[in-house]
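All remarks here apply to the structure that follows.
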Amino acid sequence: MAKRRKSIYECQAFLNLKELAENPFDMTVEGALDSERLETFVCKGIEFDLLYGCQRVTTDVLDCLQSLADECGLVGQYEEMRAGAVMNRIERYPSEERQVLHTACRDVFSKTAANDAAVIQVKRELAKLQEFLAEIDNGKIRNTAGETFTSLIHVGIGGSDLGPRSIYEALKAYGRKDRKVYFVSNVDPDDSAAVLDRVDLSKTLVLVVSKSGSTLETLSNESLVRNALKEAGLDPARHCLAVTGESSPMDNHERYLRSFYMFDYIGGRFSSTSMVGAVTLGFALGYNQVLEFLKGAWLMDEAAAERNIRGNIPLLLAMLGVWNHNFLAMDTVAILPYSQGLHRFPAHLQQCDMESNGKSVQRNGEPVRYKSGPIVWGEPGTNGQHAFYQLLHQGTEKVAVEFIGFRKSQRNRDMCIQGSNSQQKLLANLLAQSLALAVGREDENPNKNFAGNRSNVILMGERLTPKSMGALLALYEAKIVFQGFCWNVNSFDQEGVQLGKVLADEILGAMAEKRNGKTLAEALLAVAGIS
Ligand SMILES: O=P(O)(O)OC[C@H]1O[C@H](O)[C@H](O)[C@@H](O)[C@@H]1O
């Protein structure tokens, strides 16, 4: 018999927080935000510190958030998930009924794994990857002309693209100089054409990534690339690699030089540490860097099992998010990395968060009666400062901001210009934005007035490396999972993407048969003037 999960509004802490939210901490009062507060409201963790002095919280609020986390059993559920409980389900209705074990992808460093069976499968795939990368290095795998492969095109979409792409972008500073990676995701034919125009296909590996092995965009792009290989006189089976679910329609060894597996218990948007991300990363950076990346993620997973929110960054970030969203009515979260390497990371988190927690049904099948997942968006600073920060400071919309910064740059190529180097300028801007949002500034001219009290946190790391990237990824994965548990939604399915796919098929059918105007879909096709 499944345990009944509490909805947050059934918790005593929920009522207490509602009361506290009537009079949240005012950061604009003179002296409210002082050095003591800034020093106290810091959570030190794996590879990152979370600075949360600029949140509208008091110790009372934090105590209540702790109680809410405890009443909802968040850490207990997280541990159940890591051990292999069937968390991907909705009671009383047909649902995916799966375990959720993306954490097993990095549980390879533990003496005793949380779920042995999954870790055995994970280790087998890692060993295959290590061997494959060694064979490219030692020349056992070469093209038909006997040359080494120097490029890889990663073909996938959604979880099979966003995570790997954002991680590759974050870490390409450590990439091998003799290797290049390209990504193709959109079914817009211009996406693949632009990449195909730039590569020497004879020295290119094509990694097709699809858990289901049946995603329209990925299969279309695979066909376009295979066709280009054939037109260049090359044998696709000697260039194409697959990452897919075992026994998916793509699980066909004759069509691929190598096949790597992911498993039912790894959700697409949580799959970056599986072969979905590891093959591309391994090609670009080498196997040891993949291990560093996994190590960072594993350390964060372990740290996320701490019950005390003041000592657990993902849990604290999750609970501060609940406070801002459910009690202070902040509908959107902006992820603003002050790190060019992380320029695609907000896009990845958009999928990871919004596809996970953008739900209106609880795990018990009842409707959600409070707000579940927020809208997530973001761009790197300082670029964003010259674009949308106006709204963050003076707009009517209140946005919860999560800054991410690093004390040191990745490439160490910097110089002093007008008294400071660029890394210092970057960090000065990050800190300035945090304070400006929180404290504001009064001006008798209303148009120049900054109201302040705009909540934000800073995640501060030393340097963006494979290890810290792994930790950052796992931090956000755990945050999303904790929030999903708190809102009592199933964070691991994505029924909401189905209807659009069904209607797109209907419209494609109408296009093929030149049907026009009978159904709503056909009428829209005609009105849009598409033949
Ligand atoms: O990896 P695939 O099976 O090709 O799926 C790719 C993506 O497609 C779907 O539409 C889902 O919404 C995503 O969660 C998934 O990551």
Side-chain angles (χ1 to χ4, degrees), residues 87-89 95-96 98-102 105 125 153-168 183-188 191-192 206-226 240-252 255-256 259-281 344-345 347-361 373 376 473 476-477 480-481 484 489-508:
M87 303 304 262
N88 178 355
R89 66 188 298 264
S95 60
E96 290 186 340
R98 289 180 188 160
Q99 296 170 295
V100 176
L101 280 169
H102 51 276
C105 295
E125 295 308 307
I153 305 176
H154 180 119
V155 181
I157 196 164
S160 295
D161 166 72
L162 290 160
R165 192 194 289 250
S166 63
I167 291 155
Y168 168 74
F183 290 84
V184 173
S185 56
N186 201 332
V187 77
D188 180 343
D191 196 11
S192 56
V206 180
L207 179 70
V208 187
V209 186
S210 176
K211 178 181 175 181
S212 60
S214 62
T215 301
L216 167 95
E217 289 88 340
T218 303
L219 296 187
S220 304
N221 281 323
E222 177 180 8
S223 298
L224 285 171
V225 178
R226 279 182 182 265
C240 290
L241 313 162
V243 176
T244 194
E246 220 164 358
S247 73
S248 91
M250 259 175 62
D251 186 9
N252 176 348
R255 279 169 61 83
Y256 299 98
S259 292
F260 300 94
Y261 293 123
M262 63 181 296
F263 306 95
D264 256 4
Y265 51 72
I266 303 169
R269 53 192 173 273
F270 293 98
S271 66
S272 304
T273 54
S274 75
M275 287 300 116
V276 168
V279 178
T280 298
L281 201 61
R344 290 296 294 166
F345 193 53
H348 168 58
L349 293 182
Q350 236 166 17
Q351 186 204 11
C352 203
D353 199 318
M354 291 165 78
E355 202 167 69
S356 298
N357 292 337
K359 309 280 166 69
S360 303
V361 171
V376 175
L473 178 81
Y476 271 98
E477 288 179 353
I480 291 162
V481 163
V489 296
N490 177 6
S491 304
F492 311 109
D493 67 1
Q494 55 286 321
E495 294 297 335
V497 302
Q498 296 309 327
L499 180 59
K501 287 185 192 172
V502 171
L503 290 178
D505 278 346
E506 195 182 304
I507 292 176
L508 282 171

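All ligand and atom numbering here is 1-based and tracks the order in the structure.
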- Query: For Asn88 and Asp493, which heavy atoms make the closest approach, and how far apart are they?
  - Reply: OD1-CB, 3.9 Å

- Item | Ser248 to Ser212 - nearest heavy-atom pair and separation | CB-O, 3.4 Å

- Message: Tyr261: which residues meet the ring pair (Phe, Tyr, Trp, His ring centres under 6.0 Å) condition with it, sequence neighbours left out?
- Response: none

- If you round to the nearest 0.5 Å, how far is CD of Gln351 from CG of Leu162? 5.5 Å

- CD1 of Ile480 to OG of Ser491: how many Å apart, nearest 0.5 Å? 8.5 Å

- Message: Ring-plane angle category for Phe270 and His102, please: parallel below 30°, perpendicular beyond 60°, tilted otherwise.
- Response: parallel

Return a table of N or O atom pairs, ligand 1 on one side and protein on the other, at distances under 3.5 Å, rounded to 0.1 Å.
{"residue": "ligand 1", "atom": "1 (O)", "partner": "Ser160", "partner atom": "OG", "Å": "2.6"}
{"residue": "ligand 1", "atom": "1 (O)", "partner": "Lys211", "partner atom": "N", "Å": "2.8"}
{"residue": "ligand 1", "atom": "3 (O)", "partner": "Ser210", "partner atom": "OG", "Å": "3.4"}
{"residue": "ligand 1", "atom": "3 (O)", "partner": "Lys211", "partner atom": "N", "Å": "3.4"}
{"residue": "ligand 1", "atom": "3 (O)", "partner": "Ser212", "partner atom": "N", "Å": "2.8"}
{"residue": "ligand 1", "atom": "3 (O)", "partner": "Ser212", "partner atom": "OG", "Å": "2.6"}
{"residue": "ligand 1", "atom": "3 (O)", "partner": "Thr215", "partner atom": "OG1", "Å": "3.4"}
{"residue": "ligand 1", "atom": "4 (O)", "partner": "Ser210", "partner atom": "OG", "Å": "2.6"}
{"residue": "ligand 1", "atom": "4 (O)", "partner": "Thr215", "partner atom": "OG1", "Å": "2.5"}
{"residue": "ligand 1", "atom": "10 (O)", "partner": "Lys501", "partner atom": "NZ", "Å": "3.0"}
{"residue": "ligand 1", "atom": "12 (O)", "partner": "Glu355", "partner atom": "OE2", "Å": "2.7"}
{"residue": "ligand 1", "atom": "14 (O)", "partner": "Gln351", "partner atom": "NE2", "Å": "3.4"}
{"residue": "ligand 1", "atom": "14 (O)", "partner": "Glu355", "partner atom": "OE1", "Å": "2.6"}
{"residue": "ligand 1", "atom": "16 (O)", "partner": "Gly159", "partner atom": "N", "Å": "2.8"}

